[in-house]
Q: 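Structure in structure tokens, see below.
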Amino acid sequence: MTRLKKVAHRDAGDLRSQVRFSAESGHIWLHEHRMLLVHADAQASLRKELIDTLGLARARGLLTRMGYASGVRDAELARNRMQSKSDLDAFMTGPQLHTLEGIVLVTPIRLEVDRARGKFYGEFLWENSWEGQTHRRDFGIHHEPVCWTQIGYVCGYTSAFMGRPILYREVECSGAGDSHCTIVGKPVEEWDDADADMRYFSPESIANQLLDLQTQVAELRSTIEGKERLPGDMVGDSPGFRLAYELLRKAAGTHITVLLLGETGVGKEMFARRLHEMGPRASEALVAVNCAAIPQELVESELFGVEKGAYTGAQASRPGRFERAHGGTLFLDEVGDLPLAAQAKLLRVLQDGEVERLGDHRTRKVNVRLVAATNRNLQGLVAQGKFRSDLYYRLNAYQIHIPPLRERPEDTRLLFKRLVEKYSVIHGKKIAGITDKAKKALLAYSWPGNIRELQNTVERGVILAPHGGRMEIEHLFTSWDGGKAGEIGIDRYGALDVHARAGDEFCESVLAGTMTLDQVEAKLIEMAVSRAGGNLSLAARTLGLTRPQLAYRLKGLQAEAQGVVAPAGESATA
């Protein structure tokens with residue numbers, strides 16, 4: 001082992017000398033290979049997100065294959081050194097690189113390398129494993145080894161170096177509670193049960209599996225909610241909500257295409273489901289699809305279907321969302337994120353009532369009621385060339401704007417009461433009520449995440465509040481700072497305090513003569529029209545005005561800007 005340690009450290013300085021930083025080009029080079037200097041915490045966050053999103057098994061496979069590819073690249077550098085070194089010395093380039101790259105401190109315990117005869121056996125000690133420490137920090141001690149990227153690396157490196165498949169296993173792992181990691185590697189055929197590990201080196205179509213699961217969940221949710229939802233679940237009593245619901249009710253009995261507009265979290269999908277339930281297609285399926293959640297290269301196959309063999313990975317024919325929604329309703333959420341190619345095909349389907357699967361020349365008739373939704377300004381996207389104008393006019397046949405929660409304070413009270421009842425049942429809690437301070441904070445907050453954020457906040461409050469007790473402000477807002485007094489008369493966490501001070505400062509500027517009321521009104525009108533993308537009806541609703549009232553004010557502002565006095569007899573109530 002002492003001899004192997006000497007070999008391991010003898011050429012480390014030579015490798016370090018081949019690392020070059022180029023400030024002029026922004027490159028980092030190791031010999032002829034471009035490298036990246038990446039934050040360990042950023043990599044750890046990505047690793048955690050992969051595990052949380054894909055699950056342990058799929059994440060392990062993906063991370064193992066990433067490490068394998070990296071090991072194969074490093075083996076190229078080792079092969080460049082083979083001519084002047086023995087097999088053993090050349091092989092040690094990999095462990096030295098693994099250490100130099102900050103992944104883990106590698107110490108050889110036993111190493112037998114004979115490339116000519118294809119013989120290999122390696123046993124190494126890993127200390128300060130980045131991956132083991134990261135996994136233990138994020139998920140606690142695991143029941144089996146977790147250094148998947150590193151195992152992939154040594155398998156890729158050694159297999160490329162030897163010219164034959166070499167498999168390593170961790171027999172000790174710091175992520176599994178051991179003080180360090182120990183790995184053993186030998187040819188695949190010398191392991192008794194290699195298949196259990198080798199399956200992680202074979203790519204799988206994760207995207208298609210996830211999309212199929214998404215479809216199943218959407219259809220199941222549609223079936224369940226279609227039976228359980230009642231009109232009372234549409235909670236709201238504000239003028240903006242009542243207007244939106246009345247427009248929905250009038251459209252329900254028709255087959256017209258409906259476009260739902262509103263910020264993220266305002267309840268666009270709930271409106272779409274209610275539209276379907278009140279309409280003549282209620283007995284058929286409602287198929288929902290989030291256009292932003294589908295990879296662009298798979299959008300067309302998801303919407304319009306695909307035939308077997310249409311592209312690599314298309315192992316079976318399957319219908320798209322249009323065919324699945326035949327006779328019912330198709331809800332396209334985040335339609336503003338559709339790529340242009342899919343937009344053109346969507347327009348053709350809406351015009352002809354026919355779909356053509358990818359890889360197929362036959363057309364299939366579909367009878368679908370389309371409901372689209374977006375939180376983006378489609379008119380602005382049309383002007384930028386990112387959304388087809390003809391598709392916009394086709395979708396915009398019947399527009400319903402759902403106002404954000406900050407414009408519906410009376411609805412916040414109703415929603416809060418309904419949500420407390422709901423989550424009290426779910427979590428087996430009895431909540432006596434809410435304190436005045438918490439209620440004031442609830443109504444003063446702007447709710448940028450809208451109803452979705454309110455749901456999360458109320459559920460957290462129900463969980464944290466004592467059984468049979470009242471909900472306090474700290475139960476709702478866990479980042480609240482009890483030592484910080486808000487200027488609106490309540491103790492509140494920083495965000496609301498900032499909003500309160502900003503409001504007071506604004507009032508102070510008016511009272512101090514910095515701004516006049518006319519200037520304030522002009523600024524509010526300008527911002528409302530800008531945010532509404534020039535839509536005067538929407539801007540008027542935002543300001544609590546009628547469209548004629550807003551038009552009159554705009555005319556007055558334009559006349560004032562041009563130095564013209566408005567004609568006598570015109571009234572602000574026009």
Side-chain angles (χ1 to χ4, degrees), residues 35-73 98 101-104 126 128-156 170 173-177 181 197 199-218 221 263-265 269 288-299 302 313 333-334 337 339 375-376 448-450 452-453 455-457 459-460 463 478-479:
M35 308 294 286
L36 300 176
L37 188 63
V38 182
H39 284 285
D41 283 345
Q43 287 292 95
S45 297
L46 175 60
R47 185 182 189 276
K48 182 177 185 302
E49 186 172 343
L50 286 173
I51 293 173
D52 290 340
T53 304
L54 303 179
L56 282 170
R58 288 195 174 97
R60 177 179 177 178
L62 183 59
L63 292 168
T64 300
R65 294 190 293 275
M66 287 172 58
Y68 191 95
S70 179
V72 170
R73 296 293 291 173
H98 221 186
E101 291 162 0
I103 306 296
V104 66
W126 278 350
N128 303 319
S129 166
W130 165 82
E131 196 166 15
Q133 293 172 352
T134 293
H135 191 98
R136 189 166 177 171
R137 182 195 68 193
D138 291 339
F139 300 100
I141 295 176
H142 203 59
H143 63 278
E144 61 182 18
V146 296
C147 298
W148 305 320
T149 309
Q150 296 169 198
I151 282 292
Y153 175 92
V154 293
C155 290
E170 276 188 281
C173 180
S174 59
C181 305
D197 294 271
R199 64 190 177 96
Y200 294 110
F201 295 92
S202 300
E204 56 182 334
S205 180
I206 296 174
N208 283 338
Q209 293 178 39
L210 289 177
L211 290 170
D212 285 341
L213 287 173
Q214 184 189 47
T215 299
Q216 294 172 29
V217 170
R221 185 171 62 184
E263 297 176 2
T264 298
E269 184 170 352
V289 54
N290 188 329
C291 300
I294 303 176
Q296 288 200 3
E297 61 273 14
L298 297 177
V299 167
E302 275 304 301
D333 199 5
E334 305 300 350
D337 291 290
N375 61 1
R376 306 182 67 180
N450 292 296
R452 190 175 299 128
E453 183 183 8
Q455 288 175 326
N456 295 336
T457 301
E459 183 171 19
R460 179 171 59 237
I463 293 171
T478 54
S479 57

Q: Mind checking what makes side chain to side chain donor-acceptor pair (under 3.5 Å) contact with Glu459, not counting sequence neighbours?
A: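 Side chain to side chain donor-acceptor pair (under 3.5 Å) check on Glu459 returns His427.
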
Q: Which pairs count as ring pair (Phe, Tyr, Trp, His ring centres under 6.0 Å) when at least one residue sits in residues 44-67, sequence neighbours excluded?
A: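 Output for this query is empty, none listed.
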
Q: Do Asn290 side-chain atoms and Ala292 backbone N/O form a donor-acceptor pair below 3.5 Å?
A: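 Confirmed, Asn290 side chain pairs with Ala292 backbone.
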
Q: I need the minimum non-hydrogen distance between His135 and Leu56, along with the two atoms involved.
A: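 Closest approach of His135 to Leu56, heavy atoms only: CE1-CD2, 4.3 Å.
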
Q: Taking side chain to side chain donor-acceptor pair (under 3.5 Å) as the test, write out the residues that go with Thr149, two or more places apart.
A: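 Expected list: Glu131.
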
Q: Rounded to the nearest 0.5 Å, what separation is found between the CD1 atom of Ile51 and the CG atom of Leu63?
A: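 With rounding to 0.5 Å, CD1 (Ile51) is 6.5 Å from CG (Leu63).
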
Q: Hey, could you give me the CZ/CZ distance between Phe139 and Arg47, rounded to the nearest 0.5 Å?
A: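 It is 7.0 Å, given to the nearest 0.5 Å.
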
Q: Which residue pairs satisfy the salt bridge (charged side-chain N to carboxylate O under 4.0 Å, His left out) criterion with at least one member in residues 135-156, sequence neighbours excluded?
A: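 Pairs touching residues 135-156 that pass the test: Asp41-Arg137, Arg60-Glu144.
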
Q: Nearest 0.5 Å please: distance from the OG1 atom of Thr457 over to the CD atom of Gln455.
A: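 Thr457 atom OG1 to Gln455 atom CD measures 10.0 Å (nearest 0.5 Å).
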
Q: Can you list the residues that meet the side chain to side chain donor-acceptor pair (under 3.5 Å) rule with Asn375, with sequence neighbours excluded?
A: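 Asn375 satisfies side chain to side chain donor-acceptor pair (under 3.5 Å) with Thr264 only.
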
Q: Can you check side chain to side chain contact (heavy atoms under 4.5 Å, CB included) on Tyr153 and Ile151, steps first, answer last?
A: CA-CA 5 Å; Tyr153 175 92; Ile151 282 292; over 6 Å; no

Q: Taking Val104 as the fixed residue, which of Cys147, Ser129, Ser174, Cys181 is the one that meets the side-chain contact (heavy atoms from CB on, under 4.5 Å) rule?
A: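 Looking at Cys147, Ser129, Ser174, Cys181, the match for Val104 under the side-chain contact (heavy atoms from CB on, under 4.5 Å) is Ser129.
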
Q: Roughly how far, to the nearest 0.5 Å, is the CD1 atom of Ile463 from the CZ atom of Arg460?
A: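 It comes to 9.0 Å.
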
Q: Rounded to the nearest 0.5 Å, what's the gap from CD1 on Ile294 to CD on Glu334? Could you check?
A: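 If we round to the nearest 0.5 Å, Ile294:CD1 and Glu334:CD are 12.0 Å apart.
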
Q: Grab the two heavy atoms, one from Gly265 and one from Asn450, that are nearest each other, plus how far apart they are.
A: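 Smallest interatomic distance, heavy atoms only, reads O-CB, 3.3 Å.
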
Q: What are the two closest non-hydrogen atoms of Trp130 and Gly102, and how far apart are they?
A: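 Scanning both residues completely, I find the closest heavy atoms to be CB-O, 4.4 Å.
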
Q: Not counting sequence neighbours, which residues clear ring-ring contact (aromatic ring centres under 6.0 Å, His included) with Tyr200? List them please.
A: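 ring-ring contact (aromatic ring centres under 6.0 Å, His included) list for Tyr200, sorted by chain: empty.
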
Q: Got a donor-acceptor contact below 3.5 angstrom from the Gln296 side chain to the Pro339 backbone?
A: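 No.
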
Q: Locate the shortest heavy-atom distance separating Asp337 from Arg376; write the atom from each residue and the value.
A: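 For Asp337 and Arg376, the tightest heavy-atom pair comes out as OD1-NH1, 3.1 Å.
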
Q: May I ask you to decide if Gly61's main-chain N or O and Arg65's side chain share a donor-acceptor pair within less than 3.5 Å?
A: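 Indeed, once roles are kept as given, a pair shorter than 3.5 Å links the two residues.
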
